[in-house]
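To keep things clear, I will list the structure first and then write my remarks on it.
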2 protein chains.
Amino acid sequence: MKQKFRSNCPISSALDLIGDKWSLLIIRDMMFSGKKTYSEFSNSNEKIATNILSNRLSMLEELGIINKGKLEGNKKTNIYSLTQKGKELLPIILEIAQWSDNNLNDHLKDGAKPFVNKFKSNKESFIQNMYARFEKQEG
Amino acid sequence: MKQKFRSNCPISSALDLIGDKWSLLIIRDMMFSGKKTYSEFSNSNEKIATNILSNRLSMLEELGIINKGKLEGNKKTNIYSLTQKGKELLPIILEIAQWSDNNLNDHLKDGAKPFVNKFKSNKESFIQNMYARFEKQEG
DNA sequence: ATTTTAACTTGCATTATGAAAGTTATTCTA
DNA sequence: TAGAATAACTTTCATAATGCAAGTTAAAAT
């Protein structure tokens, strides 16, 4: 069994789990687009390959970041949802978005501003509102 | 010339640049351990391979996240420093550390607490203090 | 003058990613 | 109720990234 963590540093350890180019995009789509099925994730702008999507969903589930479930009366569609551990990735994602808005202007122009302005001045309350929304989605 | 960005999403775009397992660790070492030379980076706990280190330093420089310079009277040692764009990665790194402290307890035990407690309750002032420290290091 | 140090580069094996096509079970539709 | 479509994968294979070990070059120290 291979060693999962390179060190006991909290930053390095997080990167060992979600430090790739796809995992956080799946989480992003769950948080901001309400996506919850394989085929919804499969339709992202970034065009994730299906084998990678399959692999990442397994890993995220194994890591306890998402749950896999079904709706009653439907044996076909898998419904993925965020665990608490997954929901708590929100602050990281917001800081990433803000960094991009500040520093990738040549590429993004002002395209990220409408999104970033929603939380820029009031991050903590935005986060709490999102957490509340996550609860509603489940209920 | 290959397309650098998968989409115009700010999250995806940041991951296109620094969404790998090593870049943020180099930044971490610059921020919290005052590392600034190739051989210092080479001695990290996580044992980065020298070819990867070399490659990441080039990329980070090319992306405008770090600068490469020399000290007067020394033609040998390269001195790497954070640009503003690089310094602004600090909030992301802090959120990552906090997430790990909250969610990777089996692995980290309480090892991250001494670090995380420094900013947990006062993030904005910690960040400002760090920014001030970055200035001093350069001057 | 020789050794050591700093910063790489090279070669090669292993692993991850990406694109396309194929598979299976379930559900919808004529 | 038979065929078509959908959801969720898996497989194959080519390409790219990573990791390890050893080698290189110039500068600095002894």
Side-chain angles (χ1 to χ4, degrees), chain A residues 1-7 12-13 15-26 29-30 33-63 66-81, chain B residues 1-7 12-13 15-26 29-30 33-63 66-81:
Chain A
M1 127 185 186
K2 65 176 171 201
Q3 184 68 35
K4 188 159 57 173
F5 294 110
R6 287 171 292 178
S7 78
S12 151
S13 299
L15 294 174
D16 287 333
L17 305 185
I18 52 158
D20 69 278
K21 295 205 187 303
W22 293 109
S23 296
L24 281 184
L25 296 190
I26 294 172
D29 286 347
M30 294 178 85
S33 307
K35 293 186 184 179
K36 44 192 182 307
T37 67
Y38 187 95
S39 43
E40 285 172 333
F41 298 128
S42 196
N43 288 341
S44 74
N45 274 349
E46 293 87 9
K47 301 283 171 239
I48 187 169
T50 57
N51 55 343
I52 306 291
L53 174 57
S54 174
N55 174 268
R56 287 310 123 87
L57 288 171
S58 307
M59 305 212 80
L60 289 170
E61 191 192 2
E62 200 175 324
L63 294 171
I66 64 175
N67 283 321
K68 184 178 183 174
K70 299 273 187 189
L71 291 179
E72 46 189 337
N74 183 332
K75 292 180 197 161
K76 193 180 177 184
T77 309
N78 291 324
I79 304 291
Y80 295 93
S81 59
Chain B
M1 123 186 190
K2 66 177 169 198
Q3 185 68 36
K4 189 158 58 172
F5 295 110
R6 288 170 290 178
S7 77
S12 151
S13 300
L15 294 174
D16 287 333
L17 305 184
I18 53 158
D20 69 279
K21 296 205 186 301
W22 292 109
S23 296
L24 281 184
L25 296 189
I26 294 172
D29 286 348
M30 295 178 85
S33 307
K35 293 188 184 176
K36 45 192 179 308
T37 67
Y38 186 95
S39 43
E40 286 172 333
F41 297 128
S42 196
N43 288 340
S44 73
N45 274 349
E46 292 86 8
K47 301 284 171 239
I48 186 170
T50 58
N51 56 344
I52 305 290
L53 175 56
S54 175
N55 173 266
R56 288 310 123 86
L57 288 171
S58 308
M59 304 212 80
L60 290 171
E61 192 191 2
E62 200 175 325
L63 295 171
I66 65 176
N67 283 321
K68 184 179 185 173
K70 299 274 188 190
L71 291 179
E72 44 187 339
N74 184 332
K75 292 180 198 161
K76 193 179 177 183
T77 308
N78 292 324
I79 305 292
Y80 295 94
S81 60

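We name chains A, B, ... by the order of the sequence lines, and we start the count at 1 in each one. Just the heavy atoms: all of them, side chains too, but no hydrogens, waters or symmetry mates, feed the values below.
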Using whole Å, what does the distance between atom C1' of nucleotide C:dC8 and atom CD1 of B:Ile79 come to?
16 Å
Those residues at least two apart in sequence (or on a different chain) that pass side-chain contact (heavy atoms from CB on, under 4.5 Å) with B:Ser39 are B:Thr37
Starting from P on D:dA8, measure out to CG on A:Asn43 and report it in whole angstrom.
11 Å
Whole-Å gap separating P (D:dA8) and CG (A:Leu71):
11 Å
Side chain to side chain donor-acceptor pair (under 3.5 Å): pairs with one or both residues in residues 70-80 of chain B, sequence neighbours excluded:
B:Lys70-B:Asn78, B:Asn74-B:Thr77
Tell me the interatomic distance from A:Glu46, atom CD, to C:dA19, atom C1', rounded to whole angstroms.
17 Å
Rounded to whole angstrom units, what separation is found between the CD atom of A:Glu61 and the C1' atom of D:dC9?
14 Å
Tell me what A:Thr37 touches on the nucleic acid: a base, only sugar-phosphate, or nothing, going by heavy atoms under 4.0 Å.
sugar-phosphate
With the sugar-phosphate defined as primed atoms, P, OP1 and OP2, and the base as all remaining atoms, what B/S/- string results for nucleotides 18-30 of chain D, 5' to 3', for protein heavy atoms under 4.0 Å?
SBB-B----BS--
For the backbone of A:Ser54 and the side chain of A:Ser58, can you confirm whether one donor and one acceptor N or O come within less than 3.5 Å of each other?
yes
Between D:dC9 (P) and A:Glu40 (CD): distance, integer Å
13 Å
Which residues pass the side-chain contact (heavy atoms from CB on, under 4.5 Å) test with A:Leu63, not counting sequence neighbours?
A:Lys4, A:Leu17, A:Ile65
Touch check for A:Phe41, heavy atoms < 4.0 angstrom, all strands: base, sugar-phosphate only, or nothing?
nothing
Does a nitrogen or oxygen in the side chain of A:Ser54 sit under 4.0 Å from OP1 or OP2 of D:dT10?
yes
Please report the distance, rounded to the nearest Å, between CD1 in B:Ile26 and P in C:dA7.
13 Å
Just the rounded figure in Å: distance from C1' of D:dA7 to NZ of A:Lys35.
15 Å
With sequence neighbours left out, the residues meeting side-chain hydrogen bond (donor to acceptor under 3.5 Å, both in side chains) with A:Ser7 are A:Ser12, B:Glu46
Considering non-hydrogen atoms only, spot the tightest contact between B:Leu53 and B:Tyr38 and give its length.
CD2-O, 3.5 Å
Any base atoms under 4.0 Å from A:Lys70, or only sugar-phosphate, or nothing? Heavy atoms, all strands.
nothing
Residues in salt bridge (charged side-chain N to carboxylate O under 4.0 Å, His left out) with B:Lys36, at least two apart?
none
